[in-house]
Amino acid sequence: MSLLIKNGEIVTAAERMHADIYCEGETITRIGKGLDAPAGTRIIDAAGKYVFPGFIDPHVHIHLPFMGTLTKDTHRTGSQAALVGGTTTYIEMLAPSRHEDLMAGYRLWNELAEGNSACDYTFHIGVSKYDAGAEAQLREIVADGMTSFKVFLSYKGFFGVNDEELFRTLTLAKELGVIVTAHCENDELVAQLQAQLLAAGRTGPEWHEPSRPERVEADGTNHFATFLEITGARGYVVHLSCAPALAAALAAKERGVSLAIECVVPHLVLDKTYAERPDFEGAKYVMSPPLRDKRNQKPLWDALAAGLVDTVATDHAPFDFKGQKEMGRGDFTKIPNGIPTIEDRVNLLYTYGVSRGNLSLERFVSAASTRAAQLFGLYPRKGTVAVGADADLVVYDPNYRGRISATTQAMNVDYSGFEGVEIDGRPSVVTVRGEVAAMDGKFVGDPGRGKLLRRTPAG
Ligand code: URP
Ligand code: ZN
Ligand code: ZN
């Protein structure tokens with residue numbers, strides 16, 4: 001099967017050009033003006049549209065047993081929602097808790113994805129415990145091509161690692177050339193503040209942010225950076241949400257620490273007033289780190305525009321409002337943390353970034369695709385439009401106007417954190433390795449076509 005995308009404006013992280021793209025089988029084989037194609041080629045007219053590389057979400061949770069419950073999406077629903085929104089590859093966290101066996105978890109997470117994902121996928125290996133047994137398994141899974149780790153400095157006793165485990169994880173990562181992604185919050189401060197607030201009768205979702213204030217995240221970020229500095233490992237801070245944490249990360253980079261920065265769409269678009277909505281509706285907006293005071297957004301957008309923030313992900317963690325978020329009525333510490341965003345990331349980043357003048361098209365592509373591919377060992381197979389790359393392409397219509405609604409979304413969750421938000425563009429055609437997977441807001445592909453992406457450590 002061959003595919004010709006004609007008349008579009010190709011945008012990569014480095015350049016923009018008007019040219020056609022010819023794909024043979026799963027690969028881009030020609031890029032040029034006025035390309036012709038043999039009979040039988042599927043032709044897509046992209047006049048007036050952008051052609052972007054398939055977008056990559058480097059931080060999603062599809063199967064996440066967490067806080068006494070389980071995320072709602074499966075790979076079937078999550079991958080189709082991702083594709084409708086232009087994401088053609090995602091990186092899920094392999095997330096057994098410290099009480100479970102890592103290798104059994106690796107097998108389970110693979111079984112859940114294999115044959116069920118419509119988009120390509122790979123895993124960050126969650127390191128929730130470090131001992132001799134875990135180390136041997138980590139070496140084995142890295143050798144199988146999963147070349148990134150994930151650690152939590154919070155959620156101790158479940159996912160979180162202590163300082164000895166953090167040190168040993170980073171030391172191994174340095175040896176193997178593996179990058180370590182980290183959720184950075186000071187766990188003890190969170191525990192103490194939660195206890196104080198609950199004792200004072202402050203139990204609603206609006207108290208989630210005060211229990212994990214900006215300084216708690218800045219401290220976690222600085223802590224992680226110090227451990228990177230001492231061990232020489234490469235790090236990546238996930239869902240950085242506020243100016244003090246950004247300052248801590250940038251100060252570390254300034255002194256030579258290898259630290260990449262991820263922001264997520266909820267922190268760029270929403271703020272803590274959403275979690276203050278009455279009648280427990282604020283629970284829909286409980287995630288960690290929390291939605292912040294709005295004044296934090298400009299520094300994040302500025303750093304993103306300047307290339308100081310590397311990627312924009314989702315931290316997609318879909319829990320229903322009914323029956324799941326409701327578990328935390330009367331105690332905000334029991335509200336499952338997470339905001340479902342996998343379907344809306346690209347459109348929201350385009351709308352609030354490119355359309356509102358906060359981000360150039362090239363930076364948009366870099367943050368939503370190219371940098372993730374480079375950092376996590378997928379580039380140049382993924383993350384760019386080039387001869388030899390996988391034919392993962394997004395023909396994007398900047399003239400589309402619409403609104404986000406839970407009533408029309410593909411994500412398997414009963415609310416949208418972005419209900420009613422207007423979007424200024426959307427993918428008209430999305431391809432995965434040369435086959436059309438989504439068109440104009442609908443999944444039209446093969447539900448089980450996604451492949452596990454084995455990687456080598458990126459430099
Ligand atoms: O609130 C969040 N972020 N939920 C998902 C788990 C995590 O911390 O990444
Ligand atoms: Zn996290
Ligand atoms: Zn996460």
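In listed order, ligands and their atoms are each counted from 1.
Under the 3.5 Å distance criterion, the side-chain polar atoms of R212 are left unmatched by any main-chain donor or acceptor of S288.
Per-residue contacts place N337 under 4.0 angstrom from the following atoms of ligand 1 (heavy atoms of the residue considered): 1 (O), 2 (C), 4 (N), 5 (C). Close approach to M287 involves these atoms of ligand 1, each under 4.0 Å from a residue heavy atom: 1 (O). For ligand 1, the atoms closer than 4.0 angstrom to any heavy atom of Y155 are 8 (O). Ligand-side atoms of ligand 1 in range of H59: 9 (O), range being under 4.0 angstrom from any heavy atom.
Using a 4.0 Å cut-off between charged nitrogen and carboxylate oxygen, E281 and K325 do not count as a salt-bridge pair. At a threshold of 4.0 Å, the pair R454-D144 counts as salt-bridged, since one of the basic side-chain nitrogens sits closer than that to a carboxylate oxygen. Remark: E165 does not engage K129 in a salt bridge, criterion side-chain N to carboxylate O under 4.0 Å. The residues K156 and E188 are annotated as not salt-bridged, no charged nitrogen and carboxylate oxygen being separated by less than 4.0 angstrom.
Pairs engaging residues 347-358 under the side-chain hydrogen bond (donor to acceptor under 3.5 Å, both in side chains) rule: N347-Y396, S355-D424 [sequence neighbours left out].
The nearest protein atom to atom 8 (O) of ligand 1, hydrogens excluded, is given as H183 ND1, 3.0 Å; this is a heavy-atom distance. For atom 1 (O) of ligand 1, the closest heavy atom belonging to the protein is S288 N, 2.8 Å. If you check which protein heavy atom lies closest to atom 3 (N) of ligand 1, you get D315 OD2, 2.4 Å. Among all non-hydrogen protein atoms, the one lying nearest atom 6 (C) of ligand 1 is H61 NE2, 3.8 Å.
Distances from ligand 1 to the non-hydrogen atoms of M93 include no value under 4.0 Å.
Scanning for ring-ring contact (aromatic ring centres under 6.0 Å, His included) contacts around F66 gives Y155, F159, with sequence neighbours left out. Listed by chain and number, the residues in a side-chain contact (heavy atoms from CB on, under 4.5 Å) with E419 are S405, A406, S416 (sequence neighbours excluded).
Of all protein atoms, those of element N, O or S that lie under 2.8 Å from the Zn ion (ligand 2) number 2.
Looking only at atom types and distance, the side chain of H316 has no donor-acceptor partner in the side chain of E343 under 3.5 Å away.
A cation-pi arrangement is absent between R168 and Y130, since the terminal nitrogen or guanidinium carbon is not both under 6.0 Å from the aromatic centre and inside a 45° cone about the axis.
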